[in-house]
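Order of appearance sets the numbers: ligands from 1, and atoms from 1 within every ligand. Everything numeric here is computed off the predicted structure, so don't read it as measured data.
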Amino acid sequence: MREKIVAGNWKMNTNWPEAKELVSGILSQENRISCSLIIFPPYTYLQKISDLLSNSKVKVGAQNCSEHEKGAFTGEVSSSMLKSIGMSHCLIGHSERREYFNESDEQLLLKIKNCLNNNITPIFCCGEKLAERENNSHFEVIKNQVSKVLFQLNEDDFKKIIIAYEPVWAIGTGKTATAEQAQEIHHYIRTLIKEKYSEDISNQISILYGGSCKPSNAKELFAQADIDGGLIGGASLIANDFIQIAESF
Ligand code: PGA
């Protein structure tokens with residue numbers, strides 16, 4: 001049985017009072033949830049939120065980390081720093097970081113290795129842009145993203161990864177991939193894993209869908225054979241919506 005996960009990527013949203021309120025909204029309803037819940041608040045509140053959640057099953061992760069271990073990299077945060085305040089997960093290669101911060105495959109691989117060295121589970125994001133879907137190169141794009149980064153890992157490391165398929169055209173646009181479109185890519189990713197590693201491993205890896213996932217469409221998406229949950233942006237900022245999505249399995 002693969003781990004079912006609903007993860008909330010808060011991005012650069014909330015101030016501290018809003019963040020606290022969001023956390024207490026989630027906390028007050030978490031007993032209804034049977035899947036794993038992970039939230040990704042901004043760096044500034046990670047430690048405080050992790051303290052608020054110390055008796056909860058909700059896990060906390062970071063939205064990014066440096067590809068460097070430590071040193072003179074002003075403004076950066078390392079994975080060992082994140083581990084030292086109890087972070088369990090880290091998002092790697094979100095399309096916004098690839099696009100606005102020019103993160104390369106080489107950097108993403110280093111970030112993943114640093115996370116794994118510090119026992120932080122990376123959630124690796126991949127997904128095609130609208131033009132790439134329209135010119136039918138989406139399979140090729142996904143294959144490249146996964147092969148150039150994840151498939152550089154040895155089997156033992158690869159087994160520790162979570163993948164999120166997030167079509168860029170569906171992120172923050174209100175345009176969700178249909179359940180069929182999402183399932184098709186999730187199945188494709190699983191096939192690539194099977195070819196590179198093994199069928200066993202391909203059946204163990206959780207693959208989340210992200211991109212305008214909300215209470216109204218989560219059920220249909222999560223019912224697909226190869227979709228193991230969601231990486232939620234906008235809807236994760238509303239506690240009731242986030243919880244409702246987590247109840248959609
Ligand atoms: P969205 O974002 O749910 O607001 O589309 C998803 C994401 O970027 O992870």
Between Glu18 and Asn15 (side chain of the first, backbone of the second, donor and acceptor by atom type, cut-off under 3.5 Å), is there such a pair?
yes

At a 4.0 Å cut-off, with the gap strictly under it, does some heavy atom of Ala170 reach an atom of ligand 1?
yes

Given the rule in the salt bridge (Lys or Arg N to Asp or Glu O under 4.0 Å) test, do Arg190 and Asp228 qualify, once you have shown the distances and angles that lead to the verdict?
CA-CA 12 Å; Arg190 230 178 270 294; Asp228 305 307; 2.9 Å; yes

Are the charged groups of Lys57 and Glu30 less than 4.0 angstrom apart, N to O?
no

What I want to know is whether Gly233 and ligand 1 share at least one N or O pair that is separated by under 3.5 angstrom.
yes

Quick check: does Gly234 get an N/O under 3.5 Å from an N/O on ligand 1?
yes

May I ask whether Lys214 has any heavy atom positioned less than 4.0 angstrom from an atom of ligand 1?
no

Heavy-atom nearest neighbour of atom 8 (O) of ligand 1 within options Gln63, His94, Lys175, Glu96
His94

Phe249 vs Phe222 aromatic rings, parallel, tilted or perpendicular, using cut-offs 30° and 60°?
parallel

Below 3.5 angstrom, do we get any N/O pair linking Thr173 and ligand 1?
no

At less than 4.0 angstrom from any non-hydrogen atom of Gly172, what atoms of ligand 1 do you find?
1 (P), 4 (O), 5 (O)

Parallel under 30°, tilted from 30 to 60°, perpendicular over 60°: which one fits the rings of His68 and Phe73?
parallel

Looking only at distances, can you tell me whether any N or O atom of Gly211, backbone or side chain, sits closer than 3.5 Å to an N or O atom of ligand 1?
no

Pick one of side chain, backbone, both or neither for how Asn9 approaches ligand 1, counting any non-hydrogen atom pair under 4.0 Å.
side chain

Closer than 4.0 angstrom, basic N to acidic O: yes or no for Lys48 and Asp51?
no

Does Ala235 reach ligand 1, in the sense of a heavy atom lying below 4.0 Å from it?
no

Could you say whether the N/O atoms of Glu166 and ligand 1 ever approach to under 3.5 Å?
yes

Between Leu52 and Ser24, is a side-chain contact (heavy atoms from CB on, under 4.5 Å) present by the stated rule, with each step listed?
CA-CA 8 Å; Leu52 289 177; Ser24 65; over 6 Å; no

Within the distance-only criterion (no hydrogens, no angle test), does the side chain of Asp241 pair as donor or acceptor with the backbone N or O of Leu237 below 3.5 angstrom?
no

Heavy-atom gap Gly210 to ligand 1 smaller than 4.0 Å:
no

